[in-house]
Amino acid sequence: MKKQHPLSPEEIYSRAAARCAAREYCRSEWLERMMRAGLTAEEAEKQIDRLEDEGFIDEKRYARAFVHDKTCYDRWGRLKTRQALRMKGIPTTVADEALAGIDGKDYAEGLRRLLQTKEKSLPEDLPEHERRARLARYAAGRGFEAELIFDII
């Protein structure tokens, strides 16, 4: 098996810039990747700062795209999405700003459709109180707020 030569910081930067041009990434994702590629934390931070300066990485843009994708396609609620952003190291103010961009009517309609789909998979002979409890637990697990869940159920 042929041994790979370690990449230089400039090569790592070039690869990161090309990837960032294709999709959004946050700082923490690149910090982890660059350190795995052999850069020190200081070298990685320097390359990440350069990516930010040149517009390849933008935490606000990343947060908006992440929120959009998770709420529209993965049908996550605000709570789960906020937690995922926190785990990625996105500042709370940036996460809150991105979450504020969610349209309330679309969000509630998404939960309604999600619960309708889930309800079809429940046994028909299930008592009503158990049906509601299962739907509520399911929606809470997806990160939706209790008040909205009970309004829709």
To check you understand the geometry: which heavy-atom pair defines the closest contact between [X] and [Y], and what is its length?
X    : Y    : result
E59  : P91  : OE1-CD, 3.8 Å
L31  : A41  : CD1-O, 4.4 Å
L39  : E43  : CA-OE1, 3.4 Å
Y62  : L85  : CE2-CD2, 4.4 Å
A140 : I149 : N-CD1, 3.5 Å
I48  : W30  : CD1-C, 3.8 Å

Could you tell me whether the side chain of [Y] reaches within less than 4.5 Å of the side chain of [X], counting heavy atoms only?
X   : Y   : result
I90 : C26 : yes
D96 : R82 : yes
L51 : Y25 : no

[atom1] of [X] to [atom2] of [Y]: how many Å apart, nearest 0.5 Å?
X    : Y    : atom1 : atom2 : result
I153 : L135 : CD1   : CG    : 5.0 Å
L79  : L99  : CG    : CG    : 9.0 Å
R64  : I102 : CZ    : CD1   : 13.5 Å
K70  : R142 : NZ    : CZ    : 10.0 Å
K60  : T93  : NZ    : OG1   : 7.5 Å
Q83  : R86  : CD    : CZ    : 5.0 Å

> Step by step, would you call F150 with R132 a side-chain contact (heavy atoms from CB on, under 4.5 Å)?
Replying inline: CA-CA 9 Å; F150 293 121; R132 288 174 181 247; over 6 Å; no
Please check if atom [atom1] in [X] has more than 12 non-hydrogen atoms from other residues, nucleotides or ligands closer than 6.0 Å.
X    : atom1 : result
R15  : CZ    : no
R75  : CZ    : yes
E128 : CD    : yes

Could you check whether any side-chain N or O of [X] sits under 3.5 Å from a backbone N or O of [Y], counting only pairs where one atom can act as donor and the other as acceptor?
X    : Y    : result
S28  : K88  : yes
Q47  : A44  : no
E11  : S8   : yes
D74  : W76  : no
R131 : P123 : yes

>> Taking the basic N atoms (NZ, or NE/NH1/NH2) and the acidic carboxylate oxygens, is any pair closer than 4.0 Å for E29 and R33?
In response: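 A salt bridge is absent here (no side-chain N lies under 4.0 Å from a carboxylate O).
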>> For E130, is there an ion pair with R134 - N to carboxylate O distance below 4.0 angstrom?
In response: yes
>> Using the rule given for salt bridge (charged side-chain N to carboxylate O under 4.0 Å, His left out), can you reason through R36 versus E32, listing the C-alpha separation, both sets of side-chain angles and the distance that settles it, and then say yes or no?
In response: CA-CA 6 Å; R36 264 189 284 139; E32 183 181 323; 3.4 Å; yes
>> Just to verify, which of R27, K46, R61 counts as forming a salt bridge (charged side-chain N to carboxylate O under 4.0 Å, His left out) with E52?
In response: R27
> Taking the six-membered ring for Trp, are the ring centroids of Y107 and F144 within less than 6.0 Å of each other?
Replying inline: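 Y107 vs F144: aromatic centres under 6.0 Å.
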>> Please verify the inter-ring angle class for Y13 with F56; under 30° counts as parallel, over 60° as perpendicular, anything in between as tilted.
In response: perpendicular
> Just checking, any donor-acceptor pair under 3.5 angstrom between side chains of Q116 and R113?
Replying inline: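 Absent: no donor and acceptor within the cut-off.
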